[in-house]
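Numbering starts at 1 and runs along the sequence shown.
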Amino acid sequence: GKAVIHGYDDRSSEAAIPQKLMGADVAIIDDYAFFNDAVITSVSFEDATALKTIGVNAFYGCGGLTSLTIPEWIEEISFGAFQNCTSLEALTVRDGITQIPAQCFYGCVSLKQIALSDSITEIGERAFFNSKHLVTVTIPESVSRIGESAFSVCPYLEKAFLSDGVAEIGDYAFHLCENLQSVKLPGSVTAIGRYAFLGCYQLTDLTIPKNTAVGEGAFLQVPLQSGG
């Protein structure tokens, strides 16, 4: 049988997800399992090698969590799983999951470092919305789509490196990244969404590939001289 973690009663600040509960492999962390838990400062999945799924809003509002590593055996993270983890500074996603879901790290205002694996094919809507302290981001070549508002309102983001493979940049994807200066757009980009770079007031270093469809207002309030 498979075990599901529904909540956390231990008052330890270090939450280590176990391999088994009552003899059954732990496969799922349920929706809202650690919702608004003010006690935990770290969570480890290293022992839970049978864990496959992290549920909706599972760690929402865990304000003490400072770093996070998603191991390769986890196959699915659900909507908003780590939303509003306001102290989270470092994120590492190892090969395994294929999608960063919508609002997964929304409001993680302390996030400075993101290491994304080559297994990810899509970054969901508002996934990193308002990641205030993010300075650089590298999108791996496995990613084909950056969702709507995925990096909106990241005011200290200066550089975005998009690897060859990214095809679609969603509406408002980098909207109001006020310090964004340089974006590497590979030739694989076929569509840039509406208002994708709206309000990127410092963006001067950007080349738009020749046959890319550019949505309405994509570069509104952007000073760049676009090339092709």
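- Residues Ser163 and Ile139 fail the side-chain proximity criterion, which asks for heavy atoms closer than 4.5 Å.
- Put simply, Leu206 and Leu176 are part of two different groups of oily side chains (I, L, V, M, F, W, Y) that touch within less than 4.5 Å, one to the next.
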Discussion item. If you apply the rule side-chain hydrogen bond (donor to acceptor under 3.5 Å, both in side chains), what do you find for Tyr32 with Asn57, and how did you get there?
Written reply: CA-CA 5 Å; Tyr32 298 92; Asn57 290 332; 3.2 Å; yes
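- Taking both residues in full, the closest heavy atoms of Gly147 and Ala173 are given as O-CB, 3.9 Å, listed atom of the first, atom of the second, then distance.
- A salt bridge does not link Arg94 with Glu75: none of the charged nitrogens is closer than 4.0 Å to a carboxylate oxygen.
- Using cut-offs of 30° and 60° for the angle between ring planes, the Phe59 and Phe45 rings count as perpendicular.
- Nearest heavy atoms, Ser188 versus Val166: OG-O, 2.7 Å.
- Linking ILVMFWY residues whenever their side-chain heavy atoms come closer than 4.5 Å, directly or via other members, places Val183 and Ile208 in the same cluster.
- Remark: the backbone N or O of Gly63 is paired with a side-chain donor or acceptor of Ser87 at under 3.5 angstrom.
- Within the 3.5 Å criterion, the main-chain N or O of Val189 finds a donor-acceptor partner in the side chain of Thr212.
- The CZ atom of Arg126 lies 6.5 Å from the CD atom of Glu148; values are rounded to the nearest 0.5 Å.
- Checked options Ser152, Cys200, Pro155; the residue passing with Cys177 is Cys200 (criterion: side-chain contact (heavy atoms from CB on, under 4.5 Å)).
- The cluster map of Ile, Leu, Val, Met, Phe, Trp and Tyr, joined by side-chain heavy atoms under 4.5 Å apart, puts Phe174 and Val214 in the same cluster.
- Interatomic distance, CG of Asp25 versus NZ of Lys20, reported as 3.5 Å (0.5 Å rounding).
- Using a 4.5 Å heavy-atom cutoff, the side chains of Thr121 and Val143 are not in contact.
- Crowding of Gln113 atom CD: a count of heavy atoms from other residues, nucleotides or ligands under 6.0 Å not exceeding 12.
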Practice prompt. Determine, stepwise, if the pair Glu122 / Ser144 fulfils side-chain hydrogen bond (donor to acceptor under 3.5 Å, both in side chains).
Written response: CA-CA 6 Å; Glu122 182 174 353; Ser144 61; over 6 Å; no
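- Side chains of Leu203 and Gln181 form no contact here, defined as non-hydrogen atoms less than 4.5 Å apart.
- Clustering ILVMFWY residues whenever any of their side-chain heavy atoms sit less than 4.5 angstrom apart, transitively, puts Leu91 in a cluster other than the one holding Phe129.
- How far CG of Asp37 is from OG of Ser13: 10.0 Å, rounded to the nearest 0.5 Å.
- Note: Cys108 SG to Gln83 CD = 8.0 Å, rounded to the nearest 0.5 Å.
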Worksheet item: Would Trp73 and Asp95 count as a side chain to side chain contact (heavy atoms under 4.5 Å, CB included) if you check the C-alpha gap in whole Å, the side-chain angles of each, and the deciding distance to 0.1 Å?
Response: CA-CA 8 Å; Trp73 50 83; Asp95 283 350; over 6 Å; no
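- Thr66 contributes no side-chain N or O that, together with a main-chain N or O of Leu88, makes up a donor-acceptor pair within less than 3.5 Å.
- To the nearest 0.5 angstrom, Leu185 atom CG is 5.0 Å from Ile192 atom CD1.
- With rounding to the nearest 0.5 Å, the separation of CD1 in Ile54 from CD1 in Ile5 is 10.0 Å.
- Under the 4.5 Å side-chain heavy-atom criterion for Ile, Leu, Val, Met, Phe, Trp and Tyr, Ile120 and Ile169 are members of the same hydrophobic cluster.
- Put simply, the side chain of Ser119 never gets that close to the backbone of Thr98: no donor and acceptor are under 3.5 Å apart.
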Worksheet item: After noting the C-alpha distance and the side-chain angles of Val137 and Phe161, does the key distance pass the side chain to side chain contact (heavy atoms under 4.5 Å, CB included) rule?
Response: CA-CA 6 Å; Val137 64; Phe161 301 99; over 6 Å; no
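- Among the candidates Val93, Leu51, Thr53, the single residue satisfying the side-chain contact (heavy atoms from CB on, under 4.5 Å) test with Ile74 is Leu51.
- Closest of all the heavy-atom pairs between Ser42 and Glu14 is OG-CG, 3.4 Å.
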